[in-house]
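Below: one structure, written as structure tokens.
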Amino acid sequence: FIPDTYEFYWNTDAHGLYSRMLREYRKFWNDDRKAKAESQGLDPLGVSILASIIDDEVAKNDEKPRIAGVYLNRLKRGIPLQACPTIKFALNDFTITRVLYVHLETDSPYNTYKHKGLPPGPVGCPSKEGIEAVVNAENHDYLYFSAKADFSGYHNFARTLREHNQN
């Protein structure tokens with residue numbers, strides 16, 4: 001589904017809803033977006049999976065394309081995503097505000113600390129902003145990010161593990 005506001009008549013049946021959602025999905029995934037996704041090495045499903053992670057990971061929309069670039073760099077280099085939202089999804093506990101080492105031991109295909117690549121499906125319904133962030137990801141060489149200590153909701157970015165550990 002593409003999150004948006006849709007108007008329906010009160011008597012729209014399940015087939016009518018499905019047809020409308022499929023039409024909106026196809027309209028959203030136009031040739032331009034599909035080409036951008038492909039240039040990132042992803043298909044629409046892969047974009048949606050990554051966007052769902054980014055939406056849960058990032059509070060500031062203006063930072064989403066940079067975070068998308070980090071995750072895409074990790075995917076291209078075969079580095080596990082190590083995305084906290086996938087752990088919360090695997091545990092089915094969205095109240096977790098700080099992922100701990102004990103959580104990282106979770107046995108699940110959604111555990112991106114144990115498994116390389118994208119998880120098998122989205123961890124939530126991705127926003128349009130999240131999808132746009134992935135297809136228009138920043139091109140940089142960052143591999144890591146961590147929350148800034150000022151509680152601003154923004155992140156510090158690093159190219160090396162050493163820089164990341166300093167952050």
Side-chain angles (χ1 to χ4, degrees), residues 1-4 25 28-29 33 36-167:
F1 288 96
I2 302 300
D4 208 340
Y25 182 87
F28 180 83
W29 279 106
R33 271 197 196 89
K36 286 180 178 183
E38 191 174 309
S39 74
Q40 302 292 8
L42 299 171
D43 61 10
L45 177 58
V47 170
S48 294
I49 292 169
L50 191 53
S52 72
I53 294 168
I54 291 165
D55 282 341
D56 194 339
E57 188 84 73
V58 183
K60 305 294 185 178
N61 279 335
D62 61 328
E63 210 174 48
K64 288 182 179 184
R66 181 165 293 154
I67 300 282
V70 170
Y71 283 136
L72 289 167
N73 287 343
R74 294 178 75 85
L75 286 171
K76 290 172 188 168
R77 294 180 184 170
I79 302 169
L81 293 181
Q82 298 183 332
C84 294
T86 65
I87 300 298
K88 295 190 299 186
F89 184 86
L91 291 168
N92 194 27
D93 186 351
F94 302 98
T95 65
I96 295 171
T97 56
R98 186 171 187 86
V99 173
L100 306 173
Y101 288 118
V102 68
H103 298 133
L104 303 183
E105 296 305 315
T106 303
D107 184 26
S108 168
Y110 282 86
N111 184 339
T112 58
Y113 283 79
K114 287 187 171 191
H115 303 286
K116 293 179 182 177
L118 292 172
V123 298
C125 190
S127 68
K128 284 183 175 179
E129 295 83 10
I131 292 170
E132 290 297 332
V134 175
V135 298
N136 296 297
E138 282 186 17
N139 185 17
H140 53 62
D141 57 356
Y142 295 126
L143 292 173
Y144 305 94
F145 62 93
S146 58
K148 287 190 173 186
D150 64 3
F151 298 103
S152 64
Y154 284 98
H155 294 83
N156 291 308
F157 293 85
R159 293 171 177 83
T160 66
L161 185 56
R162 183 174 185 195
E163 288 175 2
H164 176 61
N165 289 337
Q166 287 174 343
N167 288 337

| said: For a side chain to side chain contact (heavy atoms under 4.5 Å, CB included) check, start with the C-alpha distance between R66 and Y154, then their side-chain angles and the critical distance, and finish with the verdict. | reply: CA-CA 11 Å; R66 181 165 293 154; Y154 284 98; over 6 Å; no
| message | The test is side chain to side chain contact (heavy atoms under 4.5 Å, CB included); show your working for E129 and I54 and say whether it passes. | response | CA-CA 10 Å; E129 295 83 10; I54 291 165; over 6 Å; no
| Stepwise side chain to side chain contact (heavy atoms under 4.5 Å, CB included) check, V134 with Y71 | CA-CA 9 Å; V134 175; Y71 283 136; over 6 Å; no
| said: As a quick check of understanding, evaluate side chain to side chain contact (heavy atoms under 4.5 Å, CB included) for L118 and L42, giving each step before the final call. | reply: CA-CA 10 Å; L118 292 172; L42 299 171; 3.9 Å; yes
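The side chain to side chain donor-acceptor pair (under 3.5 Å) analysis of residues 102-111, with sequence neighbours excluded, yields no pairs. Pairs engaging residues 78-98 under the side chain to side chain donor-acceptor pair (under 3.5 Å) rule: D56-K88, R74-Q82, T86-T112, D93-T95 [sequence neighbours left out].
A donor-acceptor contact under 3.5 angstrom links the side chains of K64 and N61, judged on distance only.
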Distance-only donor-acceptor hits, side chain of residues 141-149, under 3.5 Å, sequence neighbours excluded:
| residue | atom | partner | partner atom | Å |
| --- | --- | --- | --- | --- |
| D141 | OD1 | R159 | NE | 2.6 |
| D141 | OD2 | R159 | NE | 3.4 |

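A donor-acceptor pair is defined here as one N or O able to donate and one able to accept, closer than 3.5 Å; no such pair exists between the side chain of Q40 and the backbone of L72. Counting only distance, with no hydrogens or angles, the side chain of N73 and the backbone of H140 share a donor-acceptor pair below 3.5 Å.
Atoms CD1 and CD1, from I2 and I131 in turn, are 4.5 Å apart once rounded to the nearest 0.5 Å. Between I53 atom CD1 and I49 atom CD1 the span is 7.5 Å, to the nearest 0.5 Å. Rounding to the nearest 0.5 Å places CG of L81 at 12.0 Å from NE2 of H115. Expressed to the nearest 0.5 Å, how far CG of L100 lies from CD1 of I87 amounts to 11.0 Å. Rounding to the nearest 0.5 angstrom, the gap separating the CG atom in L50 from the CD1 atom in I67 is 10.5 Å.
The nearest pair of heavy atoms linking L75 to G117 is CD2-CA, 3.6 Å. Counting all heavy atoms, side chain and backbone alike, E57 lies closest to C84 at OE1-N, 3.7 Å. The two residues D55 and S127 come nearest to each other via the heavy atoms OD2-N, 2.6 Å. The nearest pair of heavy atoms linking A51 to P126 is CB-CB, 3.7 Å. Here the shortest heavy-atom pairing between P3 and C125 reads CG-SG, 3.8 Å. Closest heavy-atom contact between E63 and G153: OE1-O, 3.9 Å.
Annotation: side chain of F89 is not in contact with side chain of P119 (no heavy-atom distance under 4.5 Å). Taking 4.5 Å as the limit, every side-chain heavy atom of N136 sits out of range of all side-chain heavy atoms of P65. Using a 4.5 Å cut-off on side-chain heavy atoms (C-beta onward), V47 and W29 make contact.
Sparse packing is recorded around CZ of F1, with 12 or fewer heavy atoms of other residues, nucleotides or ligands lying under 6.0 Å away. Dense packing is recorded around CD of E163, with more than 12 heavy atoms of other residues, nucleotides or ligands lying under 6.0 Å away.
Salt-bridge formation is detected for the pair E132/R33: a Lys NZ or Arg NE/NH1/NH2 atom is positioned less than 4.0 Å from an Asp or Glu carboxylate oxygen.
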